[in-house]
There are 2 protein chains.
Amino acid sequence: MASNTIENYLKAIYSLQQKQEKVNITDVSKHLEVSAATVNNMMQKLKKMKWVKQEKYQPVTLTVEGEKRAAMIIRKHRIAEMYLTEKMGLGWENVHSIAEEMEHIDSSILFDRMDELLDYPKYDPHGSPIPNKDGKIVKMNFHLLSQAETGSLVQLVGVEDSSKELLEFLNQKMIRLGTEMKVLEIASFDKSLLLEMEEKDTLVLSSKVCNALRVIEVEK
Amino acid sequence: MASNTIENYLKAIYSLQQKQEKVNITDVSKHLEVSAATVNNMMQKLKKMKWVKQEKYQPVTLTVEGEKRAAMIIRKHRIAEMYLTEKMGLGWENVHSIAEEMEHIDSSILFDRMDELLDYPKYDPHGSPIPNKDGKIVKMNFHLLSQAETGSLVQLVGVEDSSKELLEFLNQKMIRLGTEMKVLEIASFDKSLLLEMEEKDTLVLSSKVCNALRVIEVEK
DNA sequence: TAAATTATTTAGATTGATCTAAATATAAGA
DNA sequence: TCTTATATTTAGATCAATCTAAATAATTTA
Ligand SMILES: [Mn+2]
Ligand SMILES: [Mn+2]
Ligand SMILES: [Mn+2]
Ligand SMILES: [Mn+2]
């Protein structure tokens, strides 16, 4: 059995691989907030286990086996999040940190049962897809709100990070998955966006927030 | 924050303290299946943290603070077990090992919510009382089936261990909490019991099993 | 009570996960 | 291309949690 630490590394590499071509030691280092030397050290171990491949001084990639393991951990994480929100009534801002611990529980009975009770959900409460039992995961189609153009009408389909801080901010602004927003103006000075909300009131979001919101274009 | 390891030590000492006057290093060592030297080493650390007291070469005791922490971990463990059986439909034989990991999750929101959804249960699925938020725990009244006398009518109110192995054995014999059994005969050779079950059929249980079953006397 | 047994402590070592500092390699910029 | 900046690796250290073996204390038995 892999330690929680090792599982967190696999998950980190997997997540980074989803949005980048190349995953550098430094990326993993920043993502997990450990030193590059520590990551390097762990990569030696993961190479021995045949879960990652890496040539000296080159980026890392998960092997097929490593990717499968990572996907299974993420699957457990997202099923747990979904269960906690849908069946227990916890807010989307509270479930990520709990799932961060539950994902390491070794019990197919538990996660299969949650999956069943949820009727096999495809997405987690933050809009990310849940890998299936084979580790297959649907490729999401979105762009970041920070990339939207003036005049476009967009709908929130996911968030880049599931931190309590961001999600409580969104709660307060009444923004949730499915919320539609029209981009009225992009401030050239700080890249903040002026948005028209569903109730016709307007709202300004900083570029930091806009960089964390996954949206799709919708018809007017 | 205490590590999972430390929390498991606190829990072990607490559980042993429930059924023994004195808790020796050796008892903890056997309970957690680590060497006595390891336990000794950990006791030095727990003493520094003021969670246990121990004079050199003497038994260990939890401090008030240590006991409270232990009770909170056990509370989380038992609420989780109850939730898994009652709300998710898992069998009593499957929940202990899951709870062993869930008990370390640091989230009052999660456990308070489970407690609420369960309507504040007093006992876990194995018949053990759930400590309240102040760490108070009701003293159970029972004796082991192995201590029962010939002719007595007893009812199962709990188990000494929650291992999958024992509980699957009990499932197979149709024995669950509340099951009544009459002691027909005690074999002097191996201390096995011949029992009359509710459906009038008879059953022999080894002393090993009888030592794991908590019963109370019931009226005939 | 002396000897034997059992329990506890100490000493020294190992493993996993981490760090900082320094060395080395790669990539970017002038 | 040469220099500079950035990324990776190596070296050496620390801390938590464990071990075995040996020393010491406490308890039990004869
Ligand atoms: Mn999450
Ligand atoms: Mn995790
Ligand atoms: Mn249990
Ligand atoms: Mn545990």
Side-chain angles (χ1 to χ4, degrees), chain A residues 1-17 19-62 66 69-70 73 100-101 103-104 106, chain B residues 1-17 19-62 66 69-70 73 100-101 103-104 106:
Chain A
M1 274 301 87
S3 68
N4 288 10
T5 304
I6 286 177
E7 292 196 342
N8 287 337
Y9 276 92
L10 291 176
K11 198 159 62 94
I13 300 168
Y14 185 99
S15 302
L16 289 165
Q17 241 168 32
K19 57 178 166 206
Q20 304 168 194
E21 351 56 74
K22 294 289 163 202
V23 177
N24 302 306
I25 295 278
T26 310
D27 299 325
V28 179
S29 161
K30 282 175 186 149
H31 193 272
L32 292 178
E33 299 181 276
V34 294
S35 73
T38 299
V39 175
N40 187 263
N41 184 63
M42 181 60 85
M43 290 311 110
Q44 307 316 311
K45 192 188 300 186
L46 295 183
K47 277 189 260 183
K48 284 202 198 90
M49 292 174 169
K50 300 273 170 65
W51 294 341
V52 309
K53 273 177 297 197
Q54 186 213 24
E55 311 285 325
K56 238 189 185 191
Y57 289 99
Q58 291 308 119
V60 298
T61 39
L62 291 172
R69 284 185 177 261
I73 300 158
E100 204 58 54
E101 308 195 39
E103 69 190 1
H104 306 294
D106 180 27
Chain B
M1 274 299 87
S3 66
N4 288 9
T5 305
I6 286 177
E7 292 196 342
N8 288 337
Y9 275 93
L10 291 176
K11 197 160 60 100
I13 300 168
Y14 184 98
S15 302
L16 289 165
Q17 241 168 32
K19 58 179 163 205
Q20 304 169 194
E21 352 56 77
K22 294 288 163 204
V23 177
N24 302 306
I25 295 277
T26 311
D27 299 325
V28 179
S29 160
K30 281 174 186 149
H31 194 271
L32 293 177
E33 298 181 276
V34 294
S35 74
T38 299
V39 175
N40 186 264
N41 183 64
M42 181 60 85
M43 290 311 110
Q44 308 315 312
K45 190 188 302 186
L46 295 183
K47 277 189 263 185
K48 285 201 197 89
M49 291 173 170
K50 301 275 170 67
W51 294 341
V52 309
K53 272 177 298 200
Q54 185 213 24
E55 310 285 322
K56 239 189 187 191
Y57 290 99
Q58 291 308 119
V60 298
T61 41
L62 291 172
R69 283 183 178 262
I73 301 158
E100 204 59 53
E101 308 194 39
E103 69 191 2
H104 305 294
D106 179 27

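Just so we're on the same page: letters track the sequence lines, and every chain starts at 1.
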Quiz item: In chain order, what residues pass the salt bridge (charged side-chain N to carboxylate O under 4.0 Å, His left out) check against B:K19, with sequence neighbours excluded?
Solution: B:E160
Self-check item: Under-4.0 Å side-chain N/O to phosphate OP1/OP2 contact, B:T26 with C:dT8
Solution: yes
Quiz item: Reckon A:N41 has a side-chain N or O less than 4.0 Å from the OP1 or OP2 of C:dA17?
Solution: no
Quiz item: Roughly how far, to the nearest 0.5 Å, is the CD atom of A:E7 from the CH2 atom of A:W51?
Solution: 8.0 Å
Quiz prompt | Of residues 53-61 of chain A, the positions that come close to DNA chain D - non-hydrogen atoms, cut-off under 4.0 Å | solution = A:Q54, A:K56, A:Y57
Self-check item: Nearest-0.5 Å distance, CE of residue B:M1 to NE2 of residue B:H104
Solution: 13.0 Å
Quiz item: Looking at DNA chain C, which of residues 29-37 of chain B put a heavy atom within less than 4.0 Å of it?
Solution: B:A36, B:A37
Exercise. Identify, with sequence neighbours excluded, every residue that meets side chain to side chain contact (heavy atoms under 4.5 Å, CB included) alongside A:K50.
Key: none
Quiz item: Between D:dC19 and B:T38, is there an OP1 or OP2 to side-chain N/O distance shorter than 4.0 Å?
Solution: yes
Quiz item: Roughly how many Å is it from NZ in B:K22 to C1' in D:dA26, rounded to a whole number?
Solution: 15 Å
Self-check item: Contact list for DNA chain C against residues 4-14 of chain B - heavy-atom distance below 4.0 Å
Solution: none
Practice problem: Would you indicate, yes or no, if C:dG16 has its OP1 or OP2 atom less than 4.0 angstrom from a side-chain nitrogen or oxygen of A:S3? | Solution: no
Quiz item: Which atoms form the tightest heavy-atom contact between B:M43 and B:V52, and what is the distance?
Solution: O-CG2, 4.0 Å
Quiz item: Could you state the NZ-C1' distance from A:K45 to C:dT18, rounded to the nearest angstrom?
Solution: 11 Å
Quiz item: Atom CE of A:M43 to atom P of C:dA17: distance rounded to whole Å?
Solution: 11 Å
Exercise. Take the protein atom CG of B:N24 and the nucleotide atom P of D:dT27, then report the distance between them rounded to whole Å.
Key: 10 Å
Quiz item: What's the NZ-P distance between A:K47 and D:dT8, to the nearest Å?
Solution: 12 Å
Quiz item: Which nucleotide, C:dA17, C:dT8, D:dT8, lies nearest any side-chain atom of B:I25?
Solution: C:dT8
Practice problem: Name all residues meeting the side chain to side chain donor-acceptor pair (under 3.5 Å) criterion together with B:E100; count only those two or more places apart in sequence or in a different chain, and write none if there are none. | Solution: B:K11, B:H96
Practice problem: State which residues pass side chain to side chain contact (heavy atoms under 4.5 Å, CB included) with A:K45; sequence neighbours excluded, sorted by chain then number. | Solution: A:I6, A:M42, A:M49
Practice problem: Check the distance between D:dA11's P and A:Q44's CD and give it to me in whole angstrom. | Solution: 12 Å
Quiz item: What pairs with B:Q44 under side chain to side chain contact (heavy atoms under 4.5 Å, CB included), at least two apart in sequence or on another chain?
Solution: B:N40, B:K47, B:Q54
Quiz item: Of the non-hydrogen atoms in A:Q17 and A:L62, which two are nearest, and what is the gap between them?
Solution: NE2-N, 3.1 Å
Please list, one pair per line, the donor and acceptor atoms closer than 3.5 Å that link side chains of residues 31-38 of chain B to other protein atoms, with sequence neighbours excluded.
residue	atom	partner	partner atom	Å
B:S35	OG	B:T38	N	3.1
B:S35	OG	B:T38	OG1	2.9

Quiz prompt | Flag, side chain of A:D27 to backbone of A:N24, donor-acceptor distance under 3.5 Å | solution = yes
